[in-house]
2 protein chains.
Amino acid sequence: MTGPEIVVDRSSPVPLYFQVAEQFSAAIQRGELAPGDRLDSELQLADRLGLSRPTVRQAIQHLVDKGLIVRRRGVGTQVVRGEVRRSVELTSLHDDLARTGRQPSTSVLELATVACPAQVAAALGVTAGSAVQHLRRLRFADGEPLAVMENWLPPDLVRLTLDGLQSRGLYAILRAAGLRVRGAQQRIGARAATAAEAQMLGERRGAPLLTMTRTAYDDQGRYVEHGVHIYRASRYALEVTVAER
Amino acid sequence: MTGPEIVVDRSSPVPLYFQVAEQFSAAIQRGELAPGDRLDSELQLADRLGLSRPTVRQAIQHLVDKGLIVRRRGVGTQVVRGEVRRSVELTSLHDDLARTGRQPSTSVLELATVACPAQVAAALGVTAGSAVQHLRRLRFADGEPLAVMENWLPPDLVRLTLDGLQSRGLYAILRAAGLRVRGAQQRIGARAATAAEAQMLGERRGAPLLTMTRTAYDDQGRYVEHGVHIYRASRYALEVTVAER
DNA sequence: ACCTGCCAGATGTCAGGACAACACATTGAC
DNA sequence: GTCAATGTGTTGTCCTGACATCTGGCAGGT
């Protein structure tokens with residue numbers, strides 16, 4: 001029970017705990033650490049890696065939060081049984097598709113500054129009727145229509161361009177503008193397609209659609225984006241992993 | 001900027017960091033700490049509460065994970081703007097409804113030990129055809145049908161009774177049996193109702209349904225439950241909050 | 001054979017200190 | 001007036017050390 005070979009580079013700017021977490025994560029994905037396997041104890045790991053116990057603990061906590069491993073007091077730490085699936089976390093649809101090998105593309109239907117609707121104003125924390133950027137996109141995967149997305153953003157946060165939206169996706173633009181999205185509240189539901197939606201998405205009227213409304217905040221606690229997304233239920237599902245502390 | 005009054009009880013078995021986190025959380029929910037407000041610095045808090053900085057940090061981290069507050073290096077800690085919504089986390093539908101003031105009830109359609117279907121076997125990590133407990137329930141909220149849930153559990157983990165399922169809910173039974181559910185992988189989608197489903201749920205055939213398949217694991221990393229849930233989209237939606245570390 | 005108490009080993013909690021990295025405001029030079 | 005350098009305060013990371021609490025196995029007595 002010595003576990004995978006893990007080396008830390010103290011000259012790297014990457015935090016030590018993160019280096020350790022990444023290498024354990026990789027070992028689990030590679031199957032080197034099989035489901036049910038026990039990890040070395042925190043003290044053993046600290047000794048072997050030349051790190052302190054708090055640092056090792058921080059690394060392990062990171063993996064627990066990701067749902068990869070489980071801790072039991074008095075017993076030890078084990079790899080979660082069953083295959084590992086990665087959740088969407090805070091990635092955009094663009095990144096999500098690219099990761100699963102599908103070709104994303106986007107058609108921007110609308111991009112303008114408008115008066116903020118009351119419902120959006122409440123979510124974004126601005127006064128109704130104030131100016132906000134409004135955005136409506138039809139998203140494709142491998143050339144097939146997949147989703148209609150409508151987004152509202154406060155003005156002056158970032159300058160959206162048609163070009164950038166088509167090639168990079170909204171979240172990449174936000175990141176490039178120095179905005180760090182830290183979290184979001186999401187509401188996921190379903191409803192039947194209207195005639196207009198059905199035509200855009202290539203479904204029949206009344207076809208089931210997966211809906212998600214999301215309000216995302218950045219590292220200043222500001223709400224930076226409110227989105228209403230509609231996915232073809234026949235082509236898309238959301239994956240979420242939940243882990244308690 | 002002294003913040004809410006927070007007192008810690010060192011004689012309590014509740015961890016200090018948890019006491020602090022709970023009281024901050026309560027102050028935010030009460031509105032005593034308004035969105036955008038800054039918290040005292042970690043050092044000030046540690047000094048005021050008579051705690052060490054790591055303990056205060058742990059408390060704050062807990063709130064960041066819950067999506068209540070946001071930290072910025074070099075600047076400080078702020079309450080997230082916008083109203084706070086709590087996510088479902090790992091609660092059962094039973095608890096979820098009770099919390100929002102709706103009366104849950106359950107009709108158990110099936111409760112038996114069966115040979116494990118191949119698809120479920122893969123999720124639970126058992127061999128196909130082996131004995132598993134199978135469970136099918138129709139759930140109501142305030143007397144109206146809301147969802148059909150089908151669950152599979154490994155045998156010998158817990159003894160399910162009709163009585164317990166109707167009065168307490170599955171997750172309460174698991175907890176009472178000493179099983180500590182720590183995390184789950186969920187897949188959320190939508191599809192149209194079949195004729196049989198529509199009749200059970202009081203919807204029309206083809207009506208949109210919200211679907212969720214969930215595989216939950218306990219603190220030993222064992223998969224303890226696999227569920228396929230079907231909700232009336234007209235009456236139910238899932239809420240999820242995501243927060244990055 | 002069974003039960004009880006003890007013990008080793010593991011994670012959980014907490015303290016106190018140190019330095020690094022970063023953001024922002026202020027000050028100073030040009 | 002503008003811009004760069006500096007200083008202050010904050011969170012991020014990492015260390016050492018200690019004790020608490022829980023689990024599971026073992027030894028011993030019944």
Side-chain angles (χ1 to χ4, degrees), chain A residues 1 3 8-22 24 37-65 69-79 178-180 182 218-222 243-245, chain B residues 1 3 8-22 24 37-65 69-79 178-180 182 218-222 243-245:
Chain A
M1 177 67 66
V8 293
D9 174 11
R10 295 195 95 98
S11 69
S12 162
V14 177
L16 299 179
Y17 80 90
F18 196 78
Q19 294 183 32
V20 175
E22 285 287 289
F24 266 114
D37 275 3
R38 289 206 10 207
L39 272 61
D40 285 343
S41 79
E42 296 175 355
L43 284 172
Q44 287 172 342
L45 276 173
D47 190 51
R48 204 175 88 213
L49 302 177
L51 300 171
S52 71
R53 191 180 155 216
T55 300
V56 171
R57 249 184 100 69
Q58 196 175 2
I60 291 178
Q61 184 62 53
H62 199 79
L63 298 174
V64 171
D65 290 339
I69 61 178
V70 172
R71 289 205 270 219
R72 263 198 308 163
R73 178 193 205 133
V75 179
T77 307
Q78 281 179 305
V79 178
L179 278 171
R180 273 165 296 197
R182 279 298 166 84
D218 72 351
D219 60 357
Q220 297 182 44
R222 300 180 301 190
E244 270 183 0
R245 295 179 62 88
Chain B
M1 177 67 67
V8 295
D9 175 9
R10 297 195 94 100
S11 68
S12 163
V14 177
L16 300 178
Y17 81 89
F18 196 77
Q19 292 183 34
V20 175
E22 285 286 290
F24 267 115
D37 276 2
R38 286 203 17 203
L39 273 60
D40 286 342
S41 80
E42 296 174 355
L43 284 173
Q44 286 172 342
L45 276 173
D47 190 51
R48 203 175 91 214
L49 302 177
L51 299 172
S52 70
R53 190 179 158 217
T55 301
V56 171
R57 251 185 96 71
Q58 196 175 0
I60 291 178
Q61 184 62 52
H62 199 78
L63 298 175
V64 171
D65 291 339
I69 60 178
V70 173
R71 287 203 273 217
R72 264 198 307 164
R73 180 194 206 133
V75 179
T77 307
Q78 280 180 306
V79 178
L179 279 171
R180 273 164 298 197
R182 281 296 167 83
D218 73 350
D219 60 358
Q220 297 182 42
R222 302 180 299 190
E244 270 182 0
R245 294 181 62 91

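Treat the numbers as computed from the prediction; the structure is a model and nothing was measured.
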Starting at [atom1] of [X], measure out to [atom2] of [Y] and round the result to the nearest 0.5 Å.
X        : Y        : atom1 : atom2 : result
B:Arg48  : B:Leu43  : CZ    : CG    : 13.0 Å
A:Arg182 : B:Arg71  : CZ    : CZ    : 9.5 Å
B:Arg222 : B:Leu179 : CZ    : CG    : 6.0 Å
B:Asp47  : B:Arg53  : CG    : CZ    : 13.5 Å
A:Arg57  : A:Leu45  : CZ    : CG    : 12.5 Å
A:Thr77  : A:Ile60  : OG1   : CD1   : 5.0 Å

N/O donor-acceptor pair under 3.5 Å between B:Gln19 side chain and B:Asp9 backbone: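 The answer is yes, because a donor-acceptor pair under 3.5 Å joins these two groups.
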Comparing B:Arg180 and A:Thr55 on DNA chain D - which has the more 5′ nearest nucleotide: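 Upstream on the strand: A:Thr55.
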Using atom [atom1] of [X] as one end and atom [atom2] of [N] as the other, report the distance to the nearest whole Å.
X       : N      : atom1 : atom2 : answer
A:Leu45 : D:dC14 : CG    : P     : 15 Å
B:Gln58 : D:dT13 : CD    : C1'   : 16 Å
A:Gln61 : C:dG12 : CD    : C1'   : 11 Å
A:Asp47 : D:dT16 : CG    : C1'   : 14 Å

Run A:Phe24 and A:Ile69 through side chain to side chain contact (heavy atoms under 4.5 Å, CB included) and show every step you take. CA-CA 10 Å; A:Phe24 266 114; A:Ile69 61 178; over 6 Å; no
Start at the 5' end of DNA chain C and walk down; is the nucleotide closest to B:Leu51 or to A:Gln220 reached first?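 Residue closer to the 5' terminus by nearest nucleotide: B:Leu51.
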Heavy-atom contacts under 4.0 Å between residues 13-22 of chain B and DNA chain C, which residues?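 When residues 13-22 of chain B is checked for heavy atoms under 4.0 Å from DNA chain C, the hits, listed by number, are B:Pro15, B:Leu16, B:Tyr17.
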Give every pair of a protein N or O atom and an N or O atom of nucleotides 8-11 of chain C that lie under 3.5 Å apart, one pair per line with the distance.
{"from": "C:dG9", "atom 1": "N2", "to": "A:Gly74", "atom 2": "O", "distance (Å)": "3.3"}
{"from": "C:dT11", "atom 1": "OP1", "to": "A:Thr77", "atom 2": "OG1", "distance (Å)": "3.1"}
{"from": "C:dT11", "atom 1": "OP2", "to": "A:Glu42", "atom 2": "N", "distance (Å)": "2.8"}

